[in-house]
**Q** 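Sharing a structure with you now.
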Amino acid sequence: MKVSFTGTRQGMSEWQKQQLDMWAWTNRNKLVQFSHGCCIGADVEAHLIIRKRCENNVFISVFPSTAKTRAEVPADANYVALAKPPLERDKDIVDAGHDLLIAAPLLMTEFPRSGTWATVRYARKKKVPVLILWRD
């Protein structure tokens, strides 16, 4: 299974982290690739959770943006794409993990100027299933 992730730069709530951790544990033998946007906050947290649960059995692709919110590229990333503007790279994230997009938004409703929600909208347009990890 090839999965992509998008989340808020403010980071995930403890509940969202627990949901992702349980999902990763349940799917650890099916997950072959995990892609994220290499942004501060939720992307970094998701990377750590997936690596903890799946160890080196999953190929992690990172798609950095040219924005200031870019995180340091994790040393254990298996693939690092060239940096692109955020909305461009969000499409690359979805396209890389075409089996499922996991989203950890900040707000409980869709927000028009949100990169997380833009990524969700693109996934829906491409008919990629979306799993939303709601905040507590």
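Side-chain atoms are counted along with the backbone in the values below, which use heavy atoms only and exclude waters and symmetry mates. Since this is a predicted model, take the numbers as computed values, not measurements.
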**Q** With a 4.5 Å cut-off on side-chain heavy atoms, are Pro86 and Thr66 touching?
**A** yes

**Q** Heavy-atom count check: over 12 atoms from other residues, nucleotides or ligands less than 6.0 Å from Arg53 CZ?
**A** yes

**Q** Given 3.5 Å as the limit, does a donor-acceptor pair link the side chain of Gln16 with the main chain of Pro105, or not?
**A** yes

**Q** Return yes if some donor-acceptor pair links the side-chain N/O of Thr116 with the main-chain N/O of Gly7 below 3.5 Å, else return no.
**A** yes

**Q** If you round to the nearest 0.5 Å, how far is CD1 of Ile93 from NZ of Lys84?
**A** 10.5 Å

**Q** Between Ala103 and Val120, which heavy-atom pair has the shortest distance, and what is it?
**A** CB-CG2, 3.6 Å

**Q** How long is the straight-line distance from CZ of Phe59 back to OG of Ser35, given to the nearest 0.5 Å?
**A** 8.5 Å

**Q** Quick one, Tyr122 and Val128 - any side-chain contact, counting heavy atoms below 4.5 Å?
**A** no

**Q** Hey, could you give me each pair passing salt bridge (charged side-chain N to carboxylate O under 4.0 Å, His left out) that has a residue in residues 71-80? Not counting sequence neighbours.
**A** Arg51-Asp76

**Q** Tell me the closest heavy-atom pair linking Cys39 and Ala71, and the distance in Å.
**A** C-CB, 3.7 Å

**Q** How does the hydrophobic cluster around Phe34 look, that is, which other residues are in it when side-chain heavy atoms under 4.5 Å mark a link?
**A** Met1, Val3, Phe5, Met12, Leu20, Trp23, Leu31, Ile49, Ile50, Val58, Ile60, Val62, Val73, Val80, Leu100, Ile102, Leu131, Leu133

**Q** Holding to side chain to side chain donor-acceptor pair (under 3.5 Å), I want the full list of residues that pass it with Lys91, two or more places apart in sequence or in another chain.
**A** none

**Q** Under 3.5 Å, side chain of Arg124 to main-chain N/O of Arg121, donor-acceptor pair present?
**A** no

**Q** Would the distance check show the side chain of Arg89 and the main-chain N or O of Gly37 forming a donor-acceptor pair, the cut-off being under 3.5 Å?
**A** yes

**Q** Just wondering, do Cys38 and Pro74 contact through their side chains at under 4.5 Å, heavy atoms?
**A** yes

**Q** More than 12 heavy atoms of other residues, nucleotides or ligands under 6.0 Å from NZ of Lys2: is that the case?
**A** no

**Q** Within the 4.5 Å heavy-atom criterion, are Thr8 and Arg135 side-chain neighbours or not?
**A** yes

**Q** How far apart are the closest heavy atoms of Ala83 and Ser65, and which atoms are they?
**A** CB-O, 3.9 Å

**Q** So how far is it from Asp136 CG to Ser13 OG, rounded to the nearest 0.5 Å?
**A** 4.0 Å

**Q** For Arg70 and Ile40, which heavy atoms make the closest approach, and how far apart are they?
**A** O-CG2, 4.1 Å

**Q** Work out which heavy atom in Ala123 is nearest to a heavy atom in Val130; give both atom names and the distance.
**A** CB-CG2, 3.8 Å

**Q** Which heavy atom of Ser61 sits nearest to which heavy atom of Gln33, and what is that distance?
**A** OG-NE2, 3.5 Å

**Q** How far does CG of Leu48 sit from CG of Asp21, to the nearest 0.5 angstrom?
**A** 11.5 Å

